[in-house]
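Atoms considered below: every heavy atom in the structure, side chains included; atoms not considered: hydrogens, waters and symmetry mates.
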Amino acid sequence: FGNIDTARRWQVARSIRLGEPAVAFADARDGFGIPGRNGMPQAWYGLGQSLLLLPIDALVDTALSPLLRRFGVDPIRRKQVAELTIAFLMQAFLTACVLLLARRVLLTFGFGNAAAVAGSLALLFATTCLQYVQCAQENELLLALALAALAGLRAWHREARGRWALLAGMACGFAILVRLTSLLETAVFAGFAIAAGTNPKRFLAWFAPPVAAALLFDRWYQWHRFGELFSTYIGIFGRLHRPPGQPLSFPFSYPFWKGFLGTFVSLDKSVLLFDPLLIVVLLLAVRNWRSLDRAVRLLLLCLTLLLVAYAAAYARYYDFGGDVAWGHRFVLLPVQLLCLFAAPLLFQHRWPALCILVFVSVILQAASTVIPPNVEVIQRGTGSRQGVLWNRAVNIAQIATNREDPRRFTGIPVEWRTLAYFPFQLRLRFPRLAAWAMAGWAALFLSLPVLIAALWFEARRQDSGESKAPY
């Protein structure tokens with residue numbers, strides 16, 4: 001995994017399946033975890049991503065672990081190989097879901113096949129989505145669930161069948177188990193479904209039960225871990241870990257307006273800097289508002305409201321923007337959903353100058369995957385305060401030319417000064433395997449433009465036919 005959070009959620013999945021401790025001994029020794037009602041430390045996360053990891057972990061444990069033992073691989077390396085395989089399977093599955101669901105959602109709004117394919121590919125390669133594919137944080141899961149909910153809502157608008165409202169409710173319910181603040185998008189999606197459709201009572205009769213079931217399950221899980229029904233794990237964390245001098249509201253102790261406005265203008269976390277496609281959507285929507293389809297206008301307004309709500313909800317969180325994260329990871333969901341419409345709207349309303357921003361976005365997101373974001377966080381603490389994006393450009397240039405400034409890279413391990421892609425990391429520990437892995441990586445990388453071109457030409461062929469492809 002690309003971050004410690006997902007590794008710890010994996011441990012929770014193993015505690016459910018195998019009865020292992022919910023917090024590994026090494027993590028507990030380092031101070032991670034909240035004392036549970038049985039005295040054992042519990043993770044300060046929601047359960048959702050662990051539930052996704054559970055079947056993948058079982059599959060890898062059953063299929064791969066016996067093979068590794070047969071070849072005499074030691075336990076530490078077995079765990080490393082298992083983690084690598086689980087990360088690859090989970091992120092490949094989620095990325096496929098995001099691409100397919102994004103295309104489906106765009107088709108339901110009347111965009112052509114070429115625009116829908118361009119929109120889904122731009123979501124992956126030109127937004128922060130790409131970074132969170134790599135680091136395996138829960139953001140990718142939340143995006144897939146939100147797209148599933150939107151696909152269900154649009155199918156409800158089209159057919160008014162209860163199963164589609166139920167599906168949307170199930171996706172929102174699972175998102176609540178991932179992160180409790182997903183109640184925000186649940187409410188906004190319900191409002192969009194009612195405003196853009198008919199028969200709100202029937203819709204809520206199907207949509208609300210899985211959401212209510214998820215809330216009840218979340219409350220049971222809170223009681224099961226901590227013996228409390230009406231608290232949250234982050235509230236308990238605040239009570240137990242409040243530093244001296246911090247207000248009782250800790251961890252929500254950051255200045256509100258600094259956090260709220262910083263979501264949009266901070267050099268380190270601004271959503272406009274890290275997701276320039278948001279500017280494309282904003283300009284196109286304002287310029288062509290009257291000509292946009294009513295459903296598109298409604299959704300853009302709902303997603304903008306959701307972005308403001310998320311910015312306000314996390315404005316006072318002490319770890320502003322997630323700190324060691326690319327962009328403001330707590331508000332990325334509405335940003336990415338808005339960016340989904342950038343390329344399709346650009347197809348409908350030509351504005352050549354904005355194509356430059358799309359190109360810049362692709363370069364920016366590629367740069368986000370080259371080295372971990374930990375590097376810029378450490379450098380910020382040692383005086384490099386020109387902003388994450390500027391520091392990332394300087395870091396890549398110095399690493400690429402082998403002219404690293406010792407003052408910039410003091411205390412930064414060699415793993416973080418090497419390309420973050422797995423084959424290149426192998427050079428540090430398994431140089432013989434690295435050559436084969438890098439050759440495979442290069443072949444996959446070179447095949448990517450061919451695959452994109454094939455998708456593009458097939459979409460154009462479908463658009464030139466008499467009828468559009470089915471949803």
Under 3.5 Å: donor-acceptor pair, side chain of [X], backbone of [Y]:
X	Y	answer
S120	V117	yes
Q365	F274	yes
D463	A114	yes
R103	A116	no
T6	N3	no
S464	R461	yes
T108	V105	yes
Q398	D405	yes
Y310	T181	yes

Under the rule for ring-ring contact (aromatic ring centres under 6.0 Å, His included), what residues qualify as partners of [X], not counting sequence neighbours?
X	value
F217	W220
F330	Y314, Y317
F192	H157
Y318	F250

Is the shortest side-chain heavy-atom distance between [X] and [Y] below 4.5 Å?
X	Y	answer
F88	V60	no
V265	S270	no
L300	L338	yes
L143	L123	yes
F409	W416	no
L299	F341	yes
P334	V188	no
L419	I371	no

What is the minimum heavy-atom distance between [X] and [Y], and which atoms define it?
X	Y	answer
S182	E185	OG-OE2, 2.9 Å
L337	A146	CD1-CB, 4.1 Å
P372	A420	CD-CB, 4.3 Å
Q131	P373	OE1-CD, 4.2 Å
A313	L184	CB-CD1, 4.2 Å
G31	W44	O-CH2, 4.1 Å

Is the positively charged end of R8 above the ring of Y45, judged by distance under 6.0 angstrom from the centroid and angle within 45° of the axis? no
Separation of [Y] [atom2] from [X] [atom1] (nearest 0.5 Å):
X	Y	atom1	atom2	result
T127	Y132	OG1	OH	11.0 Å
I279	C339	CD1	SG	9.5 Å
L278	T304	CG	OG1	8.0 Å
D27	Q11	CG	CD	8.0 Å
T369	L130	OG1	CG	5.5 Å
C172	L177	SG	CG	11.5 Å

Could you check Q49, Q134, Q91 and say which one makes a side chain to side chain contact (heavy atoms under 4.5 Å, CB included) with E140? Q91
Test side chain to side chain contact (heavy atoms under 4.5 Å, CB included) applied to L47 and V178, V12, D218, the passing residue: V12
Can you confirm whether more than 12 heavy atoms, excluding those of M170, are under 6.0 Å from its CE atom? no
How about CG on L451, more than 12 heavy atoms from neighbouring residues, nucleotides or ligands closer than 6.0 Å, or not?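 Above 12, so yes.
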Is a side-chain donor-acceptor pair under 3.5 Å present for Q425 with E415? no
Residue pairs involving residues 435-462 (criterion ring-ring contact (aromatic ring centres under 6.0 Å, His included); sequence neighbours excluded): F347-W456, Y421-W441, F424-W441, W441-F445
How would you list all residue pairs meeting ring-ring contact (aromatic ring centres under 6.0 Å, His included) that involve residues 1-25, not counting sequence neighbours?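 Listed once each, the pairs are F1-W10.
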Apply side-chain contact (heavy atoms from CB on, under 4.5 Å) to L106 and L340, showing your working. CA-CA 8 Å; L106 290 172; L340 172 63; 3.7 Å; yes
Sequence neighbours excluded, which residues qualify as side chain to side chain donor-acceptor pair (under 3.5 Å) partners of S50?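 With sequence neighbours excluded, S50 shows a side chain to side chain donor-acceptor pair (under 3.5 Å) to no residue whatsoever.
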Excluding sequence neighbours, so at least two apart, what forms salt bridge (charged side-chain N to carboxylate O under 4.0 Å, His left out) with R77? D74
Could you note down all residue pairs passing side-chain hydrogen bond (donor to acceptor under 3.5 Å, both in side chains) where [range] supplies at least one of them, sequence neighbours left out?
range	value
residues 381-397	E376-R392, E376-N395, Q379-N395, N391-R408, N395-R408
residues 336-345	T128-Q336
residues 325-334	E138-R329

Check step by step if side-chain contact (heavy atoms from CB on, under 4.5 Å) holds for V388 and L267. CA-CA 7 Å; V388 168; L267 287 177; over 6 Å; no
Give every residue pair that meets the salt bridge (Lys or Arg N to Asp or Glu O under 4.0 Å) criterion with at least one member in residues 267-283, sequence neighbours excluded. D268-R380
Evaluate V280 against W351 for side-chain contact (heavy atoms from CB on, under 4.5 Å), listing each step before the verdict. CA-CA 10 Å; V280 175; W351 195 341; over 6 Å; no
Assess the residue pair L277 and V358 against the criterion (side-chain contact (heavy atoms from CB on, under 4.5 Å)); give the C-alpha distance rounded to whole Å, side-chain angles, the decisive distance to 0.1 Å, and a yes or no. CA-CA 6 Å; L277 288 193; V358 177; 3.8 Å; yes
